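Report on the structure given below.
All values reported here derive from a predicted model rather than from experimental measurement. Positions are given from 1 along the sequence.
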Amino acid sequence: MKLSDDEYDEKSNKKIAIVIGILSAVAIAYLSSNNLDASYIFIGILIGTLLSFKIDGIHHIVTFFTFLFLLFILGMPSLSLATLGFCAFSAFIDEIGNDNKRIYKNKFFKVFFEYRFTMKIAIFILSFLSVFQSFTCFQIANFDFLSISTFFYFLLFEISYELAGFTFKKYLS
């Protein structure tokens with residue numbers, strides 16, 4: 001999605017932005033329909049982005065509807081509204097803070113929101129409490145702690161997002 005955003009924002013190339021957005025929608029719809037944790041994360045991001053009014057270009061609109069259509073066709077796992085709400089709220093906070101000139105006056109908040117740490121913290125908390133359906137590291141009194149694989153995969157997703165932005169700025173713009 002980062003490449004789609006940069007194509008749209010930096011190069012004003014709507015067609016390529018839409019094509020890349022559709023490819024992103026296909027990938028995240030597939031993941032969301034096949035993995036409960038991915039559903040929470042990607043649908044949470046979708047809701048947070050929608051509520052913060054950051055779906056602001058034709059590429060976002062086409063991606064949004066493609067994702068919803070494919071998720072409807074492929075099916076979506078049953079979700080806990082509390083967990084989905086927690087993910088969506090963290091994504092919403094990140095979107096409100098990201099690229100916000102008033103918040104960026106403070107260097108800590110600039111870095112915090114530029115790299116969207118609210119959702120990273122939320123995913124870590126959910127992983128630590130074993131809300132996610134991933135590998136569990138240890139158990140105390142029949143309560144699982146630190147199911148780290150979802151958090152690890154989320155960090156890889158975030159690193160990939162940043163690398164896509166770096167690649168775009170360095171080689172594609």
Side-chain angles (χ1 to χ4, degrees), residues 1-14 16-18 20-29 31-32 35-71 76 79-128 131-132 150-169 173:
M1 204 57 219
K2 179 66 173 162
L3 292 176
S4 175
D5 285 343
D6 286 348
E7 278 292 333
Y8 186 85
D9 294 338
E10 306 295 325
K11 294 175 88 175
S12 299
N13 194 335
K14 293 178 185 175
I16 291 179
I18 289 170
I20 295 170
I22 290 171
L23 293 173
S24 296
V26 169
I28 63 173
L31 290 170
S32 296
N35 183 281
L36 186 63
D37 300 352
S39 292
Y40 285 122
I41 293 168
F42 290 124
I43 295 170
I45 290 170
L46 177 76
I47 293 168
T49 305
L50 186 65
L51 293 176
S52 65
F53 301 106
K54 293 281 184 112
I55 297 179
D56 56 4
I58 187 67
H59 66 304
H60 286 152
I61 295 166
V62 170
T63 301
F64 173 78
F65 284 113
T66 302
F67 174 72
L68 289 180
F69 174 75
L70 290 173
L71 201 56
M76 183 177 68
L79 300 174
S80 156
L81 289 181
T83 303
L84 181 60
F86 189 65
C87 289
F89 183 71
S90 68
F92 173 76
I93 296 298
D94 278 341
E95 289 297 331
I96 294 297
N98 186 263
D99 290 331
N100 187 323
K101 302 300 180 217
R102 289 178 287 154
I103 291 174
Y104 275 23
K105 290 178 183 177
N106 178 298
K107 286 185 181 191
F108 171 80
F109 287 126
K110 181 181 189 302
V111 170
F112 188 87
F113 288 112
E114 185 173 333
Y115 295 103
R116 294 173 166 89
F117 274 97
T118 308
M119 191 152 200
K120 288 177 184 63
I121 293 167
I123 300 304
F124 177 78
I125 290 168
L126 293 171
S127 294
F128 184 80
V131 170
F132 289 131
T150 295
F151 181 67
F152 175 73
Y153 292 133
F154 182 69
L155 288 180
L156 288 177
F157 166 77
E158 290 287 311
I159 290 167
S160 298
Y161 185 89
E162 294 303 324
L163 287 175
F166 172 77
T167 301
F168 182 88
K169 283 181 177 61
S173 58

Can you give each donor-acceptor pair under 3.5 Å made by side-chain atoms of residues 43-54, sequence neighbours left out, with the distance rounded to 0.1 Å?
{"residue": "Thr49", "atom": "OG1", "partner": "Ile45", "partner atom": "O", "Å": "2.7"}
{"residue": "Ser52", "atom": "OG", "partner": "Gly48", "partner atom": "O", "Å": "3.0"}
{"residue": "Ser52", "atom": "OG", "partner": "Thr49", "partner atom": "O", "Å": "3.1"}
{"residue": "Lys54", "atom": "NZ", "partner": "Glu95", "partner atom": "O", "Å": "2.8"}
{"residue": "Lys54", "atom": "NZ", "partner": "Asn98", "partner atom": "O", "Å": "3.1"}

**Asked** Under 3.5 Å, side chain of Asp94 to main-chain N/O of Thr118, donor-acceptor pair present?
**Response** yes
**Prompt:** Using the ring of each side chain (for Trp, its six-membered ring), is Phe157 parallel, tilted or perpendicular to Phe42, with breaks at 30° and 60°?
**Reply:** perpendicular
**Request:** Indicate yes or no for a side-chain donor-acceptor contact from Lys2 to the backbone of Phe168 under 3.5 Å, with no hydrogens or angles considered.
**Result:** no
**Message:** If we ignore hydrogens and angles and just use 3.5 Å, is the side chain of Tyr40 paired with the main-chain N or O of Ser80 as donor and acceptor?
**Reply:** yes
**Prompt:** Nearest heavy-atom pair of Ser32 and Ala38: which atoms, and what distance?
**Reply:** OG-O, 3.7 Å
**More than 12 heavy atoms of other groups within 6.0 Å of Leu156 CG** = yes
**Fill in**
Closest non-hydrogen contact found for Ala29 with Leu70 is CB-CB, 3.6 Å
**Request:** Over all heavy atoms of both residues, which pair between Asp6 and Gly165 is shortest? Give the atoms and the distance, please.
**Result:** OD2-CA, 3.8 Å
**Fill in**
On a heavy-atom basis, the closest approach of Gly57 and Tyr8 is CA-OH, 3.7 Å
**Which atom of Met119 lies closest to which atom of Cys87, heavy atoms considered** = CE-O, 3.8 Å
**Phe89, CZ: over 12 other non-hydrogen atoms inside 6.0 angstrom** = no
**Request:** For residues Arg102 and Asn100, report the shortest heavy-atom separation together with the two atoms involved.
**Result:** N-OD1, 3.0 Å
